[in-house]
There are 2 protein chains.
Amino acid sequence: MKEDKEITIYDLAKHLKISAATVSRSLKDHPGISKSTKKKVQEAAKEMGYRSNNFARNLRKQKTNTIGVIVPKLNSYFVSSAIAGMEKIANENGYNLIISQSLESVKKEIANTITMFNSRVDGLLVSLAYDTENMEHFDVFFDKNIPVVFFDRVYEDSRSLNVIIDNYRNAYDITKHLIDEGCKRIMHIAGNLTRNVYAERCRGYKDALRDAGFEFQDELLIVNELSEEAGKELGKKILQMPNKPDAVFVANDVCAANCMQIIKTAGYSIPGDIAFAGFNNDPISKIVEPHLTTVNYPCYEMGEMAMRNLIDHLTGDGNISTTNKIILRSEIVVRASSLKGKGQ
Amino acid sequence: MKEDKEITIYDLAKHLKISAATVSRSLKDHPGISKSTKKKVQEAAKEMGYRSNNFARNLRKQKTNTIGVIVPKLNSYFVSSAIAGMEKIANENGYNLIISQSLESVKKEIANTITMFNSRVDGLLVSLAYDTENMEHFDVFFDKNIPVVFFDRVYEDSRSLNVIIDNYRNAYDITKHLIDEGCKRIMHIAGNLTRNVYAERCRGYKDALRDAGFEFQDELLIVNELSEEAGKELGKKILQMPNKPDAVFVANDVCAANCMQIIKTAGYSIPGDIAFAGFNNDPISKIVEPHLTTVNYPCYEMGEMAMRNLIDHLTGDGNISTTNKIILRSEIVVRASSLKGKGQ
DNA sequence: TTGTAGGCGTTATCAC
DNA sequence: GTGATAACGCCTACAA
């Protein structure tokens with residue numbers, strides 16, 4: 001059926017000769033409305049092409065049924081997988097998502113935060129931009145008791161829930177694995193150390209070295225952006241080092257794969273001359289040759305988990321999170337790029 | 001400043017001893033309000049922490065400022081890049097995005113369509129699911145004159161705008177390139193042929209063969225899903241062919257790279273024994289070895305273009321699109337995987 | 001079991 | 001240049 005004017009509950013009421021209140025209640029399956037009226041109303045609604053008006057509803061209920069998501073960048077394997085997981089859970093629970101990207105800039109992150117606030121999202125899911133240091137822009141949410149869940153790149157704060165993996169442990173394991181393979185000069189390429197993920201991975205790296213009786217060397221730690229291009233640049237940089245590392249642990253796969261490729265193309269054998277390891281289990285890690293040792297990061301599950309907890313919190317389905325930190329399981333995946341003994 | 005109750009224009013009005021109407025007008029910079037009152041109002045608004053209520057506004061204006069996006073799957077290079085482009089444009093123009101994925105199933109696509117409709121999006125951007133054949137679920141939008149823009153996987157319909165690339169031309173060029181390299185038995189791995197993108201690529205393949213005087217052979221056309229796993233399966237399938245192709249043109253890079261890898265691992269030389277080509281210029285194409293010949297698909301730009309046109313349409317910024325089809329520039333990128341003469 | 005009535009925060013239409 | 005008032009469509013005390 002095709003109409004131009006929107007049908008409202010009043011139209012239905014008039015049509016059925018009952019009150020709008022009864023229509024409203026019937027539509028939301030209110031107990032205390034007779035089966036027969038309910039049925040009548042629901043049928044008429046379908047017939048006349050009624051659709052409920054969320055704005056009126058939200059205005060009245062002071063609730064939006066919308067969840068905001070702020071991520072650094074939509075087009076990365078990690079983020080798109082996490083969002084796919086979030087979308088699934090949100091959709092199942094009747095929530096809408098509004099998504100925006102900070103493009104790794106605090107400035108845009110702040111702007112997005114304000115937009116989300118003005119859109120009156122019921123809750124917020126955030127993975128921080130590369131250079132965010134100050135967290136004041138989230139205060140408006142805390143002040144209004146709007147729940148904020150951070151995932152992956154989080155902010156340690158008692159007022160919010162964090163969903164993360166054990167970056168420290170994984171980095172420790174990777175480094176230890178490289179040591180076990182006989183590597184002596186292990187380089188680590190990290191991201192901005194004010195971001196928990198990179199700080200923790202770096203700490204894991206350092207502790208593994210220490211526990212193996214190695215001394216940490218400043219020249220073997222590079223803090224840098226971790227993009228595709230950056231990987232290539234870093235590869236060239238390593239090629240120019242007089243005293244090269246015999247292993248490189250990069251804090252993400254895209255960067256690792258591109259870095260490795262430059263070095264391989266320059267004639268070095270991998271892992272023979274230099275072993276490599278990355279982080280994330282990006283599909284690229286299984287394509288690059290040799291395949292990249294990495295950490296199996298549960299991206300999709302993290303999205304699901306973060307969203308599920310936010311929604312549980314919103315609907316008050318038990319204050320399940322007595323804690324404010326959820327750590328998902330992740331583990332090291334060993335592949336050829338780091339198997340020194342059995343080099344390709 | 002921290003309050004618990006939301007400030008409304010009435011609060012501002014009372015505070016300033018003027019009417020709510022004046023406040024409303026001042027806030028939206030209405031001409032015909034004195035500079036001084038405007039300034040007073042705007043300052044008070046900031047001071048008291050006023051934020052406008054979009055629901056009341058939308059309810060009143062019968063407009064949502066929200067655009068719906070339905071994609072097959074969020075976690076793919078193409079989609080996440082396109083969405084990144086859309087988000088940028090939408091954000092610049094003050095629109096919100098609500099995004100959902102069909103997970104390649106018509107059924108979910110229909111459900112998403114209904115949700116979008118009920119959310120009263122001002123417009124819709126869609127890339128179709130793998131198996132969508134019937135388009136009736138979009139009729140509600142057409143009937144209500146809500147603009148729908150299809151991108152990439154489109155539906156030819158006079159009522160909607162399509163943003164695409166010239167899949168036919170690109171596939172033709174790829175195939176011709178393989179022929180020029182001396183390939184004689186060129187296989188094509190396509191996706192569902194009811195989807196324009198795959199149908200067009202297939203048509204380009206066939207025409208290029210024909211124009212070169214080759215006969216099309218049924219056994220050299222495989223229609224299949226194009227995932228990572230599918231790529232591996234297809235690789236195994238090819239290995240079992242008694243009379244193998246000397247080139248394989250796959251309709252997407254992820255599938256191509258995985259397929260190629262299986263064949264390479266089995267000991268065949270690429271492109272020596274079998275040349276390969278893909279489609280999309282996914283980052284994976286520059287990592288896999290040999291690097292994959294492919295088509296440089298402007299994903300991000302397509303997202304921008306689709307969104308920009310939708311918004312122009314919405315704001316009536318000229319009915320620029322006298323046409324209902326926009327074709328973006330894309331071109332073949334030749335890499336080692338298809339350079340038969342100069343095989344690795 | 002159903003109806004009445006008021007209000008959620010804005011904006012557009014009249015008036016002045 | 002400004003104010004009063006009536007919608008927009010829905011929900012929910014409170015009444016009946």
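Here is the naming used below: chain letters follow the sequence lines, and residue numbers restart at 1 for every chain. Side-chain atoms are counted along with the backbone in the values below, which use heavy atoms only and exclude waters and symmetry mates.
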Colleague: What does the list of N/O pairs under 3.5 Å between the protein and nucleotides 2-6 of chain C look like, with a distance for each?
Modeller:
from   : atom 1 : to     : atom 2 : distance (Å)
dT2(C) : OP1    : T37(A) : OG1    : 3.3
dT2(C) : OP2    : S34(A) : N      : 3.0
dT2(C) : OP2    : T37(A) : OG1    : 2.9
dG3(C) : OP2    : S19(A) : N      : 3.0
dG3(C) : OP2    : S19(A) : OG     : 3.0
dG3(C) : OP2    : T22(A) : OG1    : 2.4
dG3(C) : N7     : R25(A) : NH2    : 2.6
dG3(C) : O6     : R25(A) : NH1    : 3.2
dG3(C) : O6     : R25(A) : NH2    : 2.9
dG6(C) : N2     : R60(A) : NH1    : 2.7

Colleague: Can you see whether F117(B) has R51(A) sitting over its ring - NZ or CZ less than 6.0 Å from the centre and within 45° of the normal?
Modeller: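 Yes - R51(A) lies over the ring of F117(B), closer than 6.0 Å to its centre and within 45° of its axis.
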
Colleague: Both K61(A) and A56(B) contact DNA chain D. Taking the nearest nucleotide for each, which residue is further toward the 5' end?
Modeller: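 Going by which nucleotide is closer to the 5' end, it is A56(B).
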
Colleague: Expressed in angstrom and rounded to an integer, what is the separation of R57(B) atom CZ from dA7(D) atom C1'?
Modeller: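 Going from R57(B) (CZ) to dA7(D) (C1'), I get 17 Å.
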
Colleague: Does S24(B) put a side-chain nitrogen or oxygen below 4.0 Å from OP1 or OP2 of dT10(C)?
Modeller: no

Colleague: Are the side chains of L97(A) and M307(A) in contact, using a 4.5 Å heavy-atom criterion?
Modeller: yes

Colleague: Given atom CG of L27(B) and atom P of dT10(C), what is their separation to the nearest angstrom?
Modeller: 8 Å

Colleague: Is the phosphate of dG9(D), meaning OP1 or OP2, less than 4.0 Å from a side-chain N or O of Q62(B)?
Modeller: yes

Colleague: Quick check: does any side chain N or O of Q101(B) sit under 3.5 Å from a backbone N or O of A84(A), one acting as donor and the other as acceptor?
Modeller: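 At least one qualifying donor-acceptor pair exists.
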
Colleague: What is the nucleic acid contact for T8(B), judged by heavy atoms within less than 4.0 Å: base, sugar-phosphate only, or nothing?
Modeller: sugar-phosphate

Colleague: Using a strict threshold of under 4.0 Å (side-chain N to carboxylate O), is an ion pair present between K108(B) and E87(A)?
Modeller: yes

Colleague: Could you check whether the rings of Y155(A) and F150(A) sit parallel, tilted or perpendicular, using 30° and 60° as the cut-offs?
Modeller: perpendicular

Colleague: May I have the distance from I9(B) (atom CD1) to dT2(D) (atom P), rounded to whole angstrom?
Modeller: 16 Å

Colleague: By nearest nucleotide on DNA chain C, pick out whichever of N53(B) and K28(B) is the more 5' one.
Modeller: N53(B)

Colleague: Please work out if R120(B) contacts a base, only the sugar-phosphate, or nothing of the nucleic acid, heavy-atom cut-off 4.0 Å.
Modeller: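 Result for R120(B) = nothing.
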
Colleague: Please report, rounded to the nearest Å, how far the C1' atom of dT11(C) is from the CZ atom of F55(B).
Modeller: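 That distance rounds to 17 Å.
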
Colleague: Tell me: CG of D29(B) to C1' of dT2(D), nearest whole Å?
Modeller: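 It works out to 16 Å between those atoms.
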
Colleague: Using atom CG of L59(B) as one end and atom C1' of dA7(D) as the other, report the distance to the nearest whole Å.
Modeller: 9 Å

Colleague: I need the CG-P distance between L16(B) and dG3(D), as an integer number of Å.
Modeller: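 It works out to 10 Å between those atoms.
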
Colleague: For K14(A), enumerate each residue passing the salt bridge (charged side-chain N to carboxylate O under 4.0 Å, His left out) test, keeping only those at least two apart in sequence or located in another chain.
Modeller: none

Colleague: Between T64(B) and D122(B), do the side chains contain a donor N or O and an acceptor N or O under 3.5 Å apart?
Modeller: yes

Colleague: I need the NZ-C1' distance between K14(B) and dT2(D), as an integer number of Å.
Modeller: 19 Å

